[in-house]
Amino acid sequence: MSVLVYTENWEGKFKKLSFELVSYGYELAQKTGGSLTVLSIGNVAEEELKKLGQYGATKVVAVNDDKVKSLENQAYTSVIEQVAKKEASKIVIFANNFAGKAVAPRVSVKLKAGLASSVVGLPISYEPFKVSKRVFNGNAFSNITVKSDVKIVTLLQNSYGIFENPVETAIENYNAELEDSYGTKVTSVDKITGKVILTDAEIVVSAGRGMKGPENWTTIEELADVLGAATACSRPVSDEGWRPHSEHVGQTGKIIAPDLYFAIGISGAIQHLGGISGSKCIVAINRDPEAPIFEAADYGIVGYAFKVLPELLGAVKELKNS
Amino acid sequence: MKILVCMSNVPDTTTKIRFKEDNTKFDDAGVQWIINPWDELALTRALELKEASGGSISSITVACVGEATTEPTIRKALAIGADDAIRVNAVAQDSYFVAAQLAEVVKQGSYDIVLCGIESSDYNNSAVGGMLAEFIDVPSVSSVSALNIDNGTVSVNREIDGGKETLEVKLPFVAVVQKGIAIDPRIPNMRGIMMARKKPLTVVEPVDADVLVEYEE
């Protein structure tokens, strides 16, 4: 079955999730004996587009048009519909993130394609097309079968992994037909530039209720700064409004898989672990030696965050300076 | 201006999820049913907007696709403050089917703003709002964390990587809302509960629609 993967970039650079989606799409195309087409929307340089070949993208369709500068759901839906029809795609793959949630359902109706969202791992079978998806906020998984001819999958981020399959990449610049204007207009953007995106970050410094209050986050931010890391938090912290909801990692928040994850003052409830278990190395700081986070951690420091943090920060600074 | 809030009837999020028949079926014995939390926040925001509109928002309607067993939950939405309710008398089979039913409700009622929660807390599909918008061919904005009406101009905030965007939207449109749209969901008071019994709850029969996804039996 021919596969179409929708990628995303951040200021012209592909997000980590794009490489994961291409790896996933490659595997699906291989297993079903179909071709793989990767779609890039936005202003991405040829050199960057070629990077997708590292993960198995033999063909990249690039759409760069001012009308798709920001995520206009109807415009994006139209582009994806046109490319999917042109490529006779039978499986269309998105990330299960905010862009995927915004666009995939519309594409589903356009192509009359059954939508399987929050999918984890490779399909259980291809004929019939059966996948496993997250349900009840990650408390269970359910197997679903997509019965329509065309199928749409939104993959749970960081749930599959990135695999290299270097191939030669052909790039096609495609002019999609678009309306002059759509029903939405972005009037202002409030974006922190120069910061690492949480789901893309290689290092994440995350803190929990053990920090006692939002006023104590300065050291967390400083540590993240020195490490070039993104900041994150546990659910109670975002529920209390100490930190923005966008920083919440866990079963109901963002699912991340950094190389290095610091859990500071986080007890490590199962819901939290569900969002970080893909991390390559977990370092936990907690005053309670019985805290479940230590079960998941590769390194653990038993002690008060307020005592350990300044020392850790000092040590990291020293290391960076040397 | 008329607002429609789409709602899903879901197990209480504190319910212990159990399965029966060799872990293949959801066991609904003893389950407390509630308004999907994101839909409840959407309803709360709709009511806030209506109260602040000085009469320009004439009504808030809630719509739910479900069998008669969903009516107590729909009545709760009326008790919180919705003016009337529509129940499409069908089992919510998959997102495509549900969205097709709600699209028909929107067409019949010509609503200006349609609010949907970003996902239901049971199947987490994040699909119905976007599908509904495509069925009726109107703009949609997803991950909406704020919705404001100022002199008839409707603007929303949505989350993007590393920040947020403000957008102006043309009506009619579908807002798919997430946390932040309202701070705390409203709790029905005694007067609301009494009044809810008298508010209209219209039952309509489903239109023909396909089911594209099947859950394992």
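Each chain gets a letter, A, B and so on, in the order the sequences are listed, and its residues count up from 1.
- Using a 4.5 Å cut-off between heavy atoms, V141(B) touches chain A through backbone and side chain atoms alike.
- Using modelled atom types, one finds a donor on one side chain and an acceptor on the other under 3.5 Å when comparing E247(A) with T231(A).
- Side chain to side chain, R87(B) and N9(B) fail the donor-acceptor criterion of an N or O pair below 3.5 Å.
- With no hydrogens or angles considered, no side-chain donor-acceptor pair links E48(B) and T44(B) at under 3.5 Å.
- Put simply, of V128(B), I160(B), I183(B), V154(B), the one with the most heavy-atom pairs under 4.5 Å next to chain A is I160(B).
- A side-chain N or O of T184(A) and one of E72(A) form a donor-acceptor pair less than 3.5 Å apart.
- Heavy-atom distances place no part of D94(B) under 4.5 Å from chain A, backbone and side chain included.
- None of I255(A), I256(A), T199(A) except one satisfies the side-chain contact (heavy atoms from CB on, under 4.5 Å) rule with V249(A); the exception is I256(A).
- Using a 4.5 Å heavy-atom cutoff, the side chains of L28(A) and P123(A) are in contact.
- Interface residue S142(A): only side-chain heavy atoms are found under 4.5 Å from chain B.
- In this structure, chain B has a heavy atom under 4.5 Å from the side chain of I197(A), while its backbone stays farther away.
- The part of D239(A) that comes within reach of chain B is its side chain, from C-beta onward, which places non-hydrogen atoms under 4.5 angstrom from that chain.
- Ranked by heavy-atom pairs under 4.5 Å with chain B, the list N96(A), T154(A), T187(A) is led by T187(A).
- No side-chain N or O of S145(B) forms a donor-acceptor pair with one of R158(B) less than 3.5 Å apart.
- Heavy-atom distances place the side chain of I118(B), and not its backbone, under 4.5 Å from chain A.
- Remark: E71(B) does not engage R75(B) in a salt bridge, criterion side-chain N to carboxylate O under 4.0 Å.
- Using a 4.5 Å cut-off between heavy atoms, A99(A) does not touch chain B at all.
- Interface residue F98(A): backbone and side-chain heavy atoms are both found under 4.5 Å from chain B.
- Residue contact with chain A, scored on non-hydrogen atoms closer than 4.5 Å, involves the side chain of K179(B) exclusively.
- In this structure, chain B has heavy atoms under 4.5 Å from both the backbone and the side chain of L71(A).
- The contact between V138(B) and chain A is made entirely by backbone atoms, counting heavy-atom distances below 4.5 Å.
- Between the side chains of N124(B) and S118(A), no donor-acceptor pair of N or O atoms lies under 3.5 Å.
- With chain A as partner, the option from P139(B), S95(B), G180(B) having the largest number of non-hydrogen pairs under 4.5 angstrom is P139(B).
- In summary, the aromatic rings of Y96(B) and F135(B) are positioned with their centroids under 6.0 Å apart.
- Contacts with chain B were tallied for K151(A), K15(A), K112(A), E8(A); K112(A) has the most, counting heavy-atom pairs under 4.5 Å.
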